[in-house]
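Letters A, B, ... are given to chains in the order of the sequence lines, protein chains preceding strands, and every chain is numbered from 1.
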4 protein chains.
Amino acid sequence: MPKISKAQRDSRREQILEAALACFSEEGFHQTGMADIVGRSGMSHGAVYLYFRGKDDIIEALADDRHRSEAILNSAAQQADDPIARLRALVRAYARALIDPDGEARRRVGVHGWAEALRNPRVRARVVEGIDIPRALIVGLVERAQGAGRLSNELSADAVARAFVALFQGFLLQVAWGEAIDVDSCVAVVDRMLGGLEPGEARAEPPE
Amino acid sequence: MPKISKAQRDSRREQILEAALACFSEEGFHQTGMADIVGRSGMSHGAVYLYFRGKDDIIEALADDRHRSEAILNSAAQQADDPIARLRALVRAYARALIDPDGEARRRVGVHGWAEALRNPRVRARVVEGIDIPRALIVGLVERAQGAGRLSNELSADAVARAFVALFQGFLLQVAWGEAIDVDSCVAVVDRMLGGLEPGEARAEPPE
Amino acid sequence: MPKISKAQRDSRREQILEAALACFSEEGFHQTGMADIVGRSGMSHGAVYLYFRGKDDIIEALADDRHRSEAILNSAAQQADDPIARLRALVRAYARALIDPDGEARRRVGVHGWAEALRNPRVRARVVEGIDIPRALIVGLVERAQGAGRLSNELSADAVARAFVALFQGFLLQVAWGEAIDVDSCVAVVDRMLGGLEPGEARAEPPE
Amino acid sequence: MPKISKAQRDSRREQILEAALACFSEEGFHQTGMADIVGRSGMSHGAVYLYFRGKDDIIEALADDRHRSEAILNSAAQQADDPIARLRALVRAYARALIDPDGEARRRVGVHGWAEALRNPRVRARVVEGIDIPRALIVGLVERAQGAGRLSNELSADAVARAFVALFQGFLLQVAWGEAIDVDSCVAVVDRMLGGLEPGEARAEPPE
DNA sequence: TATGAATGAGACTTCATTCAT
DNA sequence: AATGAATGAAGTCTCATTCAT
C-alpha cells in the first residue's frame with residue numbers, strides 16, 4: 001500500500017529529523033514549535049504527521065542516541081585484547097567525539113534529552129539505553145582487567161563504569177556549554193585517573 | 001512604608017520558590033504552568049507577580065544554585081591545610097549531597113537548568129557561576145598540591161578541576177535519574193582516581 | 001463625621017485629578033492604569049478610592065469640561081452688546097485657548113472624551129453639557145443678530161451655531177495632534193466666514 | 001502554493017474587519033476584546049491570527065480610512081474646472097457621507113481613531129494620511145481660486161483648508177454622537193461661509 | 001501522498017478593586 | 001483616614017494537531 005518506497009520514506013524522515021535536531025539544539029524541545037521544524041524541513045505541517053505521530057515522537061526519535069554511542073564505540077574497537085588499552089581507547093574515542101564540530105547539535109540535544117528523561121519515560125528509556133551500551137562495555141572491560149590483575153579487585157566494576165560515564169557526561173556538558181576546554185589535557189588527566197585504579201597500595205590514604 | 005516586613009516578604013518569596021521547585025522538578029520549566037506554581041504555593045495568581053516579574057524570573061531564581069554550592073563547600077571546609085585532604089573532603093561532601101533525600105528536587109531542577117542554560121543567557125550565567133565556585137576552589141587546591149609536590153606537575157590544574165567537576169555532574173545526573181548507585185563505592189573509585197594524579201611514573205603507558 | 005475639612009478633601013481630589021489628567025493625556029483612559037494614577041498622584045491605592053468611586057468616576061470628573069467652557073466664555077464676555085462683535089470675541093477666545101501651552105493635556109483628554117462619549121452615557125452627558133453651553137450662547141447671539149438684521153435670516157441659527165462649534169472642535173483636534181497651525185491665519189479665515197453670513201445676496205450662487 | 005486564493009483570503013480579512021468595525025464602533029478599541037471580534041466574525045480564535053498579527057494590526061487596518069476619503073473625493077469629482085464649484089461639490093459630498101446610515105460605524109470608529117492617534121504613532125500616521133488627502137486637494141483648489149481672483153488673496157490657503165477640514169471633522173463628531181443635525185441647513189451655512197472668503201472688503205470689521 | 005488553513009484549549013500576564021491592618 | 005498586599009476574572013496570543021481538498 002505504501003505509495004513511496006521505503007528509501008524515500010526514510011529520506012523524508014531523516015529530513016525532518018535533521019530539521020528538528022537543529023531546532024531543538026537551538027531552543028530545546030519545548031521552546032521549539034512544530035512550525036519551526038516544518039519551516040526548516042521545507043515540508044508541510046501535514047507531511048510531518050505522515051512520518052511521525054507527533055512532536056513527542058520526533059523528540060523520542062532524537063533522544064535515541066544508540067547510533068552515536070555505537071559509532072563511538074566502534075571507532076574505539078581494536079584488535080588489542082588488553083582491557084586497559086581498550087579503556088584508554090574508549091576515552092580517546094569519546095574525546096574525539098567531544099571536539100567534533102559536526103556533533104555540536106547532537107551534544108546540545110543530548111543535554112536537553114537528559115532533562116527530558118527526567119519526566120518523559122519513553123525518552124528516559126531511550127536515553128538510558130544509549131548510556132547502558134558503553135557502561136555495560138566498561139563493566140565488562142573492568143571485570144576482565146580485574147580478573148587479569150590489572151585493576152584493583154577492591155573496586156566495584158559498576159562504580160568504575162559509572163565514574164567513567166560520569167566523566168564523559170560531565171565533559172560533554174561543559175563542551176556543550178561552549179566552555180574553553182583543552183580536551184587533550186583532560187584526556188591526560190583521565191589517563192592518570194585510570195592509572196590510579198591499578199592494583200597496589202593506594203598511594204594516599206583516604207581520611208578514615 | 002512597606003506594609004509587610006522584609007522577613008514576611010522573603011517568606012512569601014520562598015513559598016513561591018518552593019512550589020516552583022517542586023513543579024519544575026516534576027515537569028521541567030516549560031511544561032510547568034504558572035497555574036501549577038500558583039496552585040501549589042497556595043497563593044493567588046496575581047500575588048505571584050508581586051514577588052516575581054514573571055515565570056522567567058522564577059526560573060532564574062531557581063537556576064541560581066550558588067547557595068547550594070557554597071553549602072556543600074562549607075561542609076567540606078576543615079582546618080586541615082593539606083590540599084589533597086581538602087580535595088578528598090570535597091568529594092565526600094558532594095557524595096553526601098548526592099544521597100540527601102531532601103535534595104532530590106534541587107538535583108532534578110539542576111539538570112533542567114543545565115539544558116536551559118544552553119539557550120537562556122541569564123540562566124546560563126547563574127548556572128555557570130554556581131559551578132565556577134567549586135571549580136576555582138579545586139584549581140587552587142590542585143596548584144597548591146602541585147607546588148607541594150603532591151600532585152604531578154605534568155597535569156593542567158584546569159583539566160584536573162574540570163575532571164572533578166565532570167565527575168560531580170555526571171554522578172548527579174545519574175542520581176537524578178534515580179539509578180541504583182552505590183555512592184560509597186563511587187567515592188572509593190574517585191579516591192583511587194585522585195591517587196593516580198600523584199607524581200611519579202604513570203603506571204600504565206597510554207597507547208602511543 | 002468627616003475627619004478632614006472640605007478644603008483638604010477638595011485638595012486631595014484635585015491632586016488625583018491632576019495626576020489622572022496627565023496620565024490620560026498621554027495614554028488615554030483605557031490604557032492608563034489605576035497604578036499610573038496612584039503613582040503620579042503620590043497617594044496610595046486605597047486613598048484614591050476614598051475620593052472617587054473608581055476609575056470611571058475619575059474619567060467622568062475629567063470629562064466634565066464645563067469649567068473650561070465657562071472660563072473661555074467668560075474671557076470673551078464684554079460689555080459690548082453687539083452680537084456680531086461678541087461672536088468675533090468668542091472666536092478669539094477659543095483661538096487663545098487653543099494655543100495655551102498649559103491647556104495641552106486638557107485638549108488631548110478632551111479628544112479622548114469625545115471617543116469615550118460614544119460608549120459611556122455618563123461621560124457623554126458631561127461632554128455634551130460642556131458643548132451645549134457655548135452652542136446655546138451662539139444660538140442666542142445669532143438670533144439676536146438676525147433680529148437686528150445683522151445676519152441673514154435665511155440661515156438656521158442652530159446650524160450656524162453647530163458650524164462654529166464644528167470649527168472649534170476641528171481646530172482643537174488638529175492642535176491636539178500637534179499639527180503646525182497658524183492660529184491667527186485661521187482666525188482671519190473664520191472672521192471672513194462669519195462675514196459671509198451677513199444678509200445680502202450670497203455672492204456666489206451655490207449649484208442649484 | 002497558497003491553499004486559498006487571494007480573493008478568499010481578502011474575503012476572510014474583510015469578514016474580520018467588518019466584525020471588528022462593529023465591535024469597535026460600539027465599545028471602542030480598548031474595551032473591545034478579541035473574543036468579541038472572534039465571536040462576531042464567526043471565525044475561530046486562532047484563525048484571526050492567520051490574517052492579522054494581533055489586535056493592534058486590526059486597529060491599524062481600520063484606522064486607515066484613505067479608501068473612504070478617496071471615495072468621498074471621487075464622488076465630488078466633476079468635469080467643471082471651476083475651483084469654487086469644486087469646493088462646494090466637496091462640501092456636499094461630505095454632507096452626503098455624513099448622513100449615510102451605512103457609514104455610521106465608520107464614523108464612530110473614526111472618532112475613536114482620532115483619540116487613538118494621540119498615543120499610537122502607527123494609527124496616527126494612517127489617520128493623518130486619510131486627512132491629508134482632502135486637505136491637500138482643498139489647498140490646491142484654494143490656490144487656484146486665489147490665482148483666478150475668486151478668493152481673497154489675503155487668506156492663507158492652508159488656513160482655509162484647515163478650516164474646511166475642521167468643519168468636516170466637527171460635523172462628523174456631532175453626527176457620530178447622534179445629535180439632531182439638519183445637514184442641509186448646515187450645508188447652507190457652509191456655503192455662505194465660503195462666500196465670505198471671496199475678495200472684497202470684509203463686510204464687518206473685526207474688533208480692533 | 002501532500003497541503004496548509006483552521007481549531008480551541010491553554011499559556012502567561014495585567015489590573016480595578018477590596019480589606020485587614 | 002490611610003495603606004498596600006492580595007485577589008481572580010479577564011485579557012491577548014500561541015501552538016500541536018486535524019482534515020477537507
Notebook entry, point to check: Can you tell me how far C1' of E/dC12 sits from CE of B/Met34, to the nearest Å?
Noted result: 7 Å
Check: If you look at every strand shown and take non-hydrogen atoms under 4.0 Å, does D/Arg53 touch a base, only sugar-phosphate, or nothing?
Finding: nothing
Next item on the list: Provide, to the nearest angstrom, the distance between the NE2 atom belonging to A/His45 and the C1' atom belonging to E/dT1.
Entry: 18 Å
Checklist line | Between C1' of E/dA6 and OH of D/Tyr49, the distance in whole Å | finding: 15 Å
Checklist line | Counter-base of F/dA6, judged by Watson-Crick or G-U geometry with both distances under 3.5 Å | finding: E/dT17
Next item on the list: Decide, yes or no, whether a salt bridge links C/Asp65 with C/Arg68 under the criterion of side-chain N to carboxylate O below 4.0 Å.
Entry: yes
Next item on the list: In whole angstrom, give the distance that lies between atom CE of D/Met43 and atom P of E/dA6.
Entry: 6 Å
Margin query: Could you tell me the Watson-Crick or G-U partner of F/dA1, where both distances fall under 3.5 Å? Say none if there is no partner.
Written below: none
Note to self: By nearest heavy atom, map D/Val48 and C/Ala35 onto DNA chain E; which one lands nearer the 5' end?
What the structure shows: D/Val48
Next item on the list: Could you tell me the separation between the CD atom of D/Gln31 and the P atom of F/dA9, rounded to a whole number of Å?
Entry: 19 Å
Notebook entry, point to check: Can you tell me if D/Thr32 uses its side chain to pair, donor with acceptor, with the backbone of D/Cys23 under 3.5 Å?
Noted result: yes
Note to self: Rounded to whole Å, please give me the gap between NE2 in B/His30 and P in F/dA16.
What the structure shows: 13 Å
Check: Could you state the NZ-P distance from C/Lys55 to E/dT14, rounded to the nearest angstrom?
Finding: 15 Å
Item checked: Side-chain N or O of B/Arg9 closer than 4.0 Å to phosphate OP1/OP2 of F/dA5 -> no
Checklist line | Of the listed nucleotides E/dA6, F/dA5, F/dA1, the one nearest the side chain of B/Leu50 | finding: F/dA5
Check: If we only count heavy atoms from C-beta on, is the D/Asp36 to D/Glu27 side-chain gap below 4.5 Å?
Finding: no
Note to self: Measuring from the side chain of B/Ser44 (C-beta onward, heavy atoms only), which nucleotide among F/dT7, E/dT1, F/dA1 has the closest atom?
What the structure shows: F/dT7
Next item on the list: Give one of base, sugar-phosphate or nothing for C/Phe52, where a contact means two heavy atoms less than 4.0 Å apart.
Entry: nothing
Check: Phosphate oxygens OP1/OP2 of F/dA5: is one of them under 4.0 Å from a side-chain N or O of B/Tyr51?
Finding: no
Check: In Å, rounded to the nearest 0.5 Å, how long is the span from OG of D/Ser41 to CG of D/Leu17?
Finding: 10.5 Å
Check: Once you round it to whole Å, what is the distance between P of E/dT18 and CG of C/Asp57?
Finding: 12 Å
Checklist line | Earlier contact from the 5' end, DNA chain F, for D/Ala47 and B/Arg12 | finding: B/Arg12
Item checked: C/Asp10/C/Lys6 ion pair, N-O < 4.0 Å -> yes
Next item on the list: Specify the residue among D/Gly33 and C/Gly46 whose closest nucleotide of DNA chain F lies further upstream toward the 5′ end.
Entry: C/Gly46
